[in-house]
**Student:** 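I'd like to ask you about the structure that follows.
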Number of protein chains: 2
Amino acid sequence: MSSIRERLLDAAARVYAETGYRGATTRRIAQEAGVNEITLFRHFGSKTTLIIEAVRQANLRSDCPEVPLTPSEVAPEIRTWVGEELAHLTQLRSIIRTSLGEVEERPEIIPLIGEKPREVILGLRAYVEQLQREGRADPDIDARSAALTFFGALFADAMGRDVMPELYHESLEDSADHYATLFLRAIGVAENAGNGVRGQAPRAKGRARGEPSLANP
Amino acid sequence: MSSIRERLLDAAARVYAETGYRGATTRRIAQEAGVNEITLFRHFGSKTTLIIEAVRQANLRSDCPEVPLTPSEVAPEIRTWVGEELAHLTQLRSIIRTSLGEVEERPEIIPLIGEKPREVILGLRAYVEQLQREGRADPDIDARSAALTFFGALFADAMGRDVMPELYHESLEDSADHYATLFLRAIGVAENAGNGVRGQAPRAKGRARGEPSLANP
DNA sequence: GTGGTAAGCAAGTGAGTACTTGCGCGTAAA
DNA sequence: TTTACGCGCAAGTACTCACTTGCTTACCAC
């Protein structure tokens, strides 16, 4: 059904995430896409062009959850965001790991993979600073480090869960909930009592993405 | 000075960290070590043997800071540990990134690279649980997630600082201090007023390791 | 039909890969 | 002096890689 070009881009992203740039041979990508290797070159000219385009598309297509511009109901907002962001990072974990591992050799992929995280972290930082200005978060904490810490926690979960799964809660949603709780406590936001302060907090919204298995995104 | 075997192991770890398994050609490793390529094979038999041994040694030789078994003076203990652990992860960041990027293709390196983190996270978790038993930390927080969150924050710093340096505090020590503060607040440990609760907290111990430059470990 | 376009197939090129074989040279213990 | 060993050098093997060329086939608009 899908065009040959799309099949090649999909296959390239998949193979690249699994085996890295050097491991992603044009032969294997073409085979995975079910097309002739020559067709790959006719469409993209070179392996490099194809893989860069594939990585770009893999990052653009996946919808990245945004942290709200202005805080309103902090606790549920944060819980929702943490859950969605963790699911998102988990979905992209394989290609992120591979790209990060090749950063020193191929720094040209940094913008393809690092733009979204930067926006997210800066957004989270601005969110915390706004809370501080409104007197709803502790003014003494360093908003930058807080944003880095909790994005980092989600990032580390996505990167490390495949490697040491026994350390984590089985359920991604449970983990997200705990991370959110710790975040709120760290920045000094009081959760309103009616919502069940700790322990089993209410699921915020539908969260369909992200299976915690070893399958690639 | 150093034996040929050691020179080869060093060079192999360096080249592997830079270019990954496929990129680390025997030719380049031998050249980097200043020995003949044939000598490499006479010593280690195969490229795989050499690289596995090199990665193992690179992880063993670097002294990993331990979180204390039983908590006494929590705030300074944590501050010291966070600083040392961040420096340690920063030092190994290149080889960690590369290994993680190849986990799916070469899972046999997981134990070489993942043993230390596991111990650290479990130790941190036990430390928090002990604090909770002693009534010095909030009993409602999830110790497992707290340990994962704050080790994850340090891990993410070490992995991401090269990629988006403008997001981070320039000084590793300052960053560590902020992470420690957030950790203490998240698990509900009150810092005693005499020690300078926030802001410029006292440096705990000598911390010689880890330069934040781009040079490889 | 006729032309154009997109795809497959066969074969090959030149470079790089891990790894081997055989030989020679220097040092140092015997 | 002899022997053994560690190392370098030259050459080569069998393989894989990205990428090219030339030719054929299938489809689709006109």
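Protein chains get the first letters and strands the later ones, always in sequence-line order, with residue 1 at the start of each. Side-chain atoms are counted along with the backbone in the values below, which use heavy atoms only and exclude waters and symmetry mates.
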**Student:** Given atom CD of Gln31(A) and atom C1' of dA7(C), what is their separation to the nearest angstrom?
**Tutor:** 18 Å
**Student:** Remember a base hit wins even if backbone is also touched, and classify Arg22(A) as base, sugar-phosphate or nothing at under 4.0 Å, heavy atoms.
**Tutor:** nothing
**Student:** Whole-Å distance between dA15(C) C1' and Arg28(B) CZ?
**Tutor:** 18 Å
**Student:** Does Arg22(A) have any side-chain hydrogen bond (donor to acceptor under 3.5 Å, both in side chains) partners at least two apart in sequence or in another chain, and if so, which?
**Tutor:** Glu105(A)
**Student:** In chain order, what residues pass the ring pair (Phe, Tyr, Trp, His ring centres under 6.0 Å) check against Phe183(A), with sequence neighbours excluded?
**Tutor:** Phe150(A)
**Student:** Check whether more than 12 heavy atoms from other residues, nucleotides or ligands sit under 6.0 Å from atom CD of Glu119(B), and answer yes or no.
**Tutor:** yes
**Student:** Rounding to 10°, can you tell me the angle the first-five-pair axis of the helix from dG1(C)-dC30(D) to dA30(C)-dT1(D) makes with its last-five-pair axis?
**Tutor:** 10°
**Student:** Do we see a donor-acceptor contact under 3.5 Å between the side chains of Arg161(B) and Ser175(B)?
**Tutor:** yes
**Student:** Determine, for Asp142(A) against Arg125(A), whether the closest basic-nitrogen to carboxylate-oxygen distance falls under 4.0 angstrom.
**Tutor:** no
**Student:** Does Glu104(B) come within less than 4.0 Å of Arg97(A), counting only side-chain N to carboxylate O?
**Tutor:** yes
**Student:** Rounded to whole angstrom units, what separation is found between the CZ atom of Arg27(A) and the P atom of dA18(D)?
**Tutor:** 7 Å
**Student:** Atom CZ of Arg5(A) to atom P of dT5(C): distance rounded to whole Å?
**Tutor:** 18 Å
**Student:** Taking only residues two or more places apart in sequence, or in another chain, which ones meet Thr19(B) in a side-chain hydrogen bond (donor to acceptor under 3.5 Å, both in side chains)?
**Tutor:** none
**Student:** Roughly how many Å is it from CG in Leu8(A) to P in dA18(D), rounded to a whole number?
**Tutor:** 14 Å
**Student:** Using a 4.0 Å heavy-atom cut-off, does Ala30(A) contact any base of the nucleic acid, only the sugar-phosphate backbone, or nothing at all?
**Tutor:** nothing
**Student:** Is there a residue in residues 35-49 of chain A whose heavy atoms reach under 4.0 Å of DNA chain C, and which residues are they?
**Tutor:** Val35(A), Asn36(A), Ile38(A), Thr39(A), Arg42(A), His43(A)
**Student:** Check side-chain hydrogen bond (donor to acceptor under 3.5 Å, both in side chains) between Glu108(A) and all other residues, then give those that pass, not counting sequence neighbours.
**Tutor:** none
